[in-house]
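As the structure lists them, so they are numbered: ligands from 1, and atoms in each ligand from 1. Basis for what follows: all heavy atoms, side chains included, without hydrogens, waters or symmetry-related copies. This one's a predicted model, so the numbers in the text were calculated from it and none came from an experiment.
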Amino acid sequence: MDKKILTVYKSVTGFTREYAEMIAREVGSALMDIKEANAKNMSGFDVIVFGGRMHAGRVDGLKRAKELYGQSGSSQLIVFATGATPNEARDIVEEMWRNNLTPKELSHIPHFYLQSGLRYEKMPLADRFMMKVFCAMMKRKKDKTEYESQCERVIGSSCDISSREYILPLLACLKD
Ligand SMILES: Cc1cc2nc3c(=O)[nH]c(=O)nc-3n(C[C@H](O)[C@H](O)[C@H](O)COP(=O)(O)O)c2cc1C
């Protein structure tokens, strides 16, 4: 690939890092944890790919990634988000993007959702507590939709629904 690509990620339990590593390997891009990123070491790339986890409806690290991208001089930003929401829940995923990108960004920034899972054993205490509250709310909710009942069944324990195949649309976009 002629383009110089940098893949930057923010990950807590490892799913986003693993997807970022897969993408970097596939396209031969540089790879960087956002903790190490700054305007200087992010400059000189044609494309910046940023990946962050979904966290209570927000893409974690996206604001910082957009700032760094703005300072980097790169000409294209591509964003991916990982989450426990299954890929099939298209309405939820689309709403999530509408809440994280402006209408202009939605049309200019290619964005991809990659289902991942939950890793309770690697979650910080505050996240485990948030999940506990969310699980209790789900349990109490009356008239649950089929999706909400399914959600209630799976969110209480660790699960891995990630797969390499989900990065294919993003790879196609990069190779375009
Ligand atoms: C407190 C908390 C909130 C979360 N909120 C969402 C969410 O809004 N939507 C979603 O699909 N997944 C959500 N998740 C699941 C994470 O996005 C998922 O586990 C992600 O892949 C973690 O990425 P990481 O392993 O790179 O840290 C949440 C997880 C935690 C712990």
Flag [X] as yes when one of its N or O atoms lies below 3.5 Å from any N or O atom of ligand 1, and as no otherwise.
| X | value |
| --- | --- |
| Thr13 | yes |
| Lys10 | no |
| Ser11 | yes |
| Met130 | no |
| Leu118 | no |
| Arg17 | no |

_Around atom CZ of Phe129, are there more than 12 heavy atoms from other residues, nucleotides or ligands closer than 6.0 Å?_
no

*When you look at NZ of Lys144, are more than 12 heavy atoms from neighbouring residues, nucleotides or ligands closer to it than 6.0 Å?*
yes

Shortest protein heavy-atom distance from [atom], along with the residue and atom involved:
| atom | value |
| --- | --- |
| atom 8 (O) of ligand 1 | Gly57 N, 2.9 Å |
| atom 29 (C) of ligand 1 | Met131 SD, 4.0 Å |
| atom 6 (C) of ligand 1 | Met54 O, 3.6 Å |
| atom 23 (O) of ligand 1 | Arg53 CB, 3.2 Å |

Show me which atoms of ligand 1 lie under 4.0 Å from any heavy atom of [X].
| X | result |
| --- | --- |
| Tyr113 | 11 (O) |
| Ser116 | 18 (C), 20 (C), 21 (O) |
| Gly117 | 18 (C), 19 (O) |
| Val12 | 24 (P), 26 (O), 27 (O) |
| Met123 | 31 (C) |

_ligand 1 contact on Met96 by region, counting heavy-atom pairs under 4.0 Å_ = neither

*Are any of the side-chain nitrogens in Glu21 or Arg25 under 4.0 Å away from the carboxylate oxygens of its partner?*
no

*Roughly how far, to the nearest 0.5 Å, is the CG atom of Asp46 from the OG atom of Ser72?*
10.5 Å

